[in-house]
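Read the structure below first, then the notes.
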Amino acid sequence: MGGSVGASLRSRPCDLSLAHASRLLAWFDRERRDLPWRRARDPYRIWVSEVMLQQTQVATVIPYYGRFVGAFPTVRALARAPLDEVLRCWAGLGYYSRARNLHRAARVVVAEHGGRLPETFAALRALPGLGDYTAGAIASIAFDERVPCVDGNAVRVLARVACLTGDVHAGRARQRLMRLAHTAVPPERPGDYNQALMELGALICRPLDPACNACCLGDLCEARRRGKQQSVPLPRRRPPTQTVRVAAGIVWRRGRLLLAQRPLEGRWGGLWEFPNAELPPEGTAAATLTRLLAEAFGLRAEVGEKVGALVHGIMHRRIELTAYECRAVSGRTQAGTHAAAKWVRPEELGEHALPAPHRKLARRLQSRGD
DNA sequence: AAACCGGGGCT
DNA sequence: AGCCCAGGTTT
């Protein structure tokens, strides 16, 4: 292993000076935002907050966090709850596998660790749903272990301070970054240090317009010295966007709507949705929905007017969802490939965890006054 | 409305 | 190293 002689002569990953950690900590002590999960050092609450903060911004997380720890104040309470209830509490946050993993791990913690979170990085990392980031966050913040936790904010700060010009998301530059991240964590206050790094990335060392003049690391930052803040780190390369056309049926029968629960595994696992299917390139919505309702749900239905259309973007995918009002005229309801199917009153929609695009759809239907 | 930013976990 | 999961903010 290791690079060629040439590579090792060329440039070693420059370790960050010790000064950077104390600067960062001093800045954090002054500027840290007062966030609900920073008020206690309960490992469980830190865990919940870290999972919610994956792929979701602080402002969005705050109200959900309060409701969630209100409903499930301890690991045991979470483990006791049925998954459905947990998903309902998560509804709207997106990326529901996070909630499923959290719930699954809570049950493991109760079964194998007596209801208390294990206190080392290695033991945390072994729990389902906890990867390097989350295990590092809990280990350092709740248990003072000297391990890094590297989110996108931390990547940006480290890459800029050390001016890592390669692709920090892959290959050698990635390894270098992670090595740097490990050595950079100070033995004192590792948890605060990690939070400071991420906080600096979020507030100061922003992707597009870093506030270098206000940065506590300004005079240590190699990218700034070289005027390369804009090009370091290299943006992640993205696959081209794919458009998917989906038709959904708002199916009525005796004043109730048909809702189907997705299989527990996989995309939007366990969530409830309006029956829907991807439109084949040449297919019409009416034909697609008629066949779907017949074959998957055992219903003969008439497809009526278009009652809504929206676009939902997810990563590099663009879902164009069109909804049609349908009337079920006969048949005995089956779940098909879904986990379940049921008829609900419109006002009961809110009690179900729906995928984001279907939530949008449901909101529109209700505001329309149906 | 388009462009852009967000990454963890698993195998 | 590559695959899967499946949202929000900015401009």
Side-chain angles (χ1 to χ4, degrees), chain A residues 47-64 87 90-105 108 121 124-138 148-159 167-175 177-178 181 197-199 201-203 205-210 230 233-244 246 248 262-273 276 278 309-321 353-361 363:
Chain A
W47 178 25
V48 171
S49 71
E50 286 299 338
V51 173
M52 288 188 168
L53 287 164
Q54 294 165 8
Q55 293 128 317
T56 309
Q57 299 206 334
V58 168
T60 308
V61 165
I62 288 174
Y64 283 94
L87 286 175
W90 201 271
L93 263 182
Y95 294 103
Y96 296 85
S97 62
R98 295 182 296 176
R100 286 197 301 275
N101 284 152
L102 192 58
H103 184 242
R104 197 152 52 102
V108 173
F121 174 85
L124 288 162
R125 183 67 178 75
L127 291 169
L130 277 81
D132 288 342
Y133 171 82
T134 312
I138 301 170
C149 70
V150 185
D151 75 342
N153 293 310
V155 167
R156 195 165 52 250
V157 175
L158 292 171
D167 177 5
V168 292
H169 299 104
R172 258 188 31 222
R174 172 88 197 162
Q175 293 190 335
L177 174 82
M178 292 313 291
L197 202 58
M198 297 188 283
E199 189 98 326
L203 299 179
C205 193
R206 295 169 300 222
L208 297 177
D209 58 335
Q230 298 299 333
L234 250 31
R236 172 197 303 277
R237 70 181 181 98
R238 303 171 192 287
T241 299
Q242 287 175 7
T243 298
V244 185
V246 175
R262 297 184 60 94
L264 266 42
E265 298 301 319
R267 173 155 88 205
W268 290 314
L271 271 64
W272 295 85
E273 64 183 7
N276 67 93
E278 185 173 341
L310 59 84
V311 176
H312 181 71
I314 300 166
M315 314 280 305
H316 60 281
R317 189 149 297 169
R318 172 189 164 91
I319 300 175
E320 295 179 358
L321 182 64
L354 269 53
H358 293 250
R359 278 172 81 77
K360 292 184 194 169
L361 207 53
R363 263 206 309 272

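At a threshold of 4.0 angstrom between heavy atoms, the contacts of A/Gly313 include nucleobase atoms, whether or not backbone atoms are also involved. Within the 4.0 angstrom heavy-atom criterion, no nucleotide atom of any strand lies near A/Arg359. Using a 4.0 Å heavy-atom cutoff across all strands shown, A/Val51 reaches no nucleic acid atom at all. Across all strands, A/Leu130 comes closer than 4.0 Å only to sugar-phosphate atoms, never to a base (heavy-atom distances). Within the 4.0 angstrom heavy-atom criterion, base atoms lie near A/Gln55. Using a 4.0 Å heavy-atom criterion, one finds that A/Arg262 contacts no nucleic acid atom at all.
A sub-4.0 Å separation between OP1 or OP2 of C/dG7 and a side-chain N or O of A/Trp268 is present. Remark: A/Thr60 is in phosphate contact with C/dT9, judged by side-chain N or O atoms under 4.0 Å from OP1 or OP2. Between A/Arg317 and C/dG7 there is no side-chain N or O to OP1 or OP2 distance below 4.0 Å. OP1 or OP2 of B/dA2 has at least one side-chain nitrogen or oxygen of A/Arg318 nearer than 4.0 Å. Dashed line: the shortest gap from a side-chain N or O of A/His312 to OP1 or OP2 of C/dG7 is under 4.0 Å.
For the 3.5 Å distance criterion, the side chains of A/Arg98 and A/Thr56 qualify, holding a donor opposite an acceptor. If you check the side chains of A/Thr243 and A/Glu320, you find no donor sitting under 3.5 Å from an acceptor.
Side chain A/Tyr95 to base B/dG6: a donor-acceptor pair is found below 3.5 Å.
Computed from coordinates, the A/Glu265 CD to C/dC3 P distance equals 21 Å when rounded to whole Å. In this structure, A/Leu208 atom CG and B/dC4 atom C1' are separated by 8 Å, rounded to whole Å. Following rounding to the nearest Å, A/Leu354 (CG) and C/dG7 (P) show an atom-to-atom distance of 12 Å.
Here the side chain of A/Met315 is nearest to one of C/dC5, B/dC5, C/dT9, namely C/dC5.
Distance alone, capped at 3.5 Å, is enough to place a donor-acceptor pair between the A/Arg100 side chain and the A/Gly269 backbone. A donor-acceptor pair is defined here as one N or O able to donate and one able to accept, closer than 3.5 Å; no such pair exists between the side chain of A/Trp47 and the backbone of A/Val51. Judged by distance alone, the side chain of A/Arg262 and the main-chain N or O of A/Arg267 form a donor-acceptor pair under 3.5 Å.
Residue A/His316 is the one, among A/His316 and A/Gln57, whose nearest nucleotide of DNA chain C lies closer to the 5' end (criterion: closest heavy atom). Two residues, A/Gly171 and A/Thr56, neighbour DNA chain C, and the one matched to the more 5' nucleotide by heavy-atom proximity is A/Gly171.
Comparing C/dC5 with B/dG6, their C1' atoms are spaced 13 Å from each other, to the whole Å. Taking the C1' atom of each, C/dA6 and B/dC5 are spaced 16 Å apart, rounded to whole Å.
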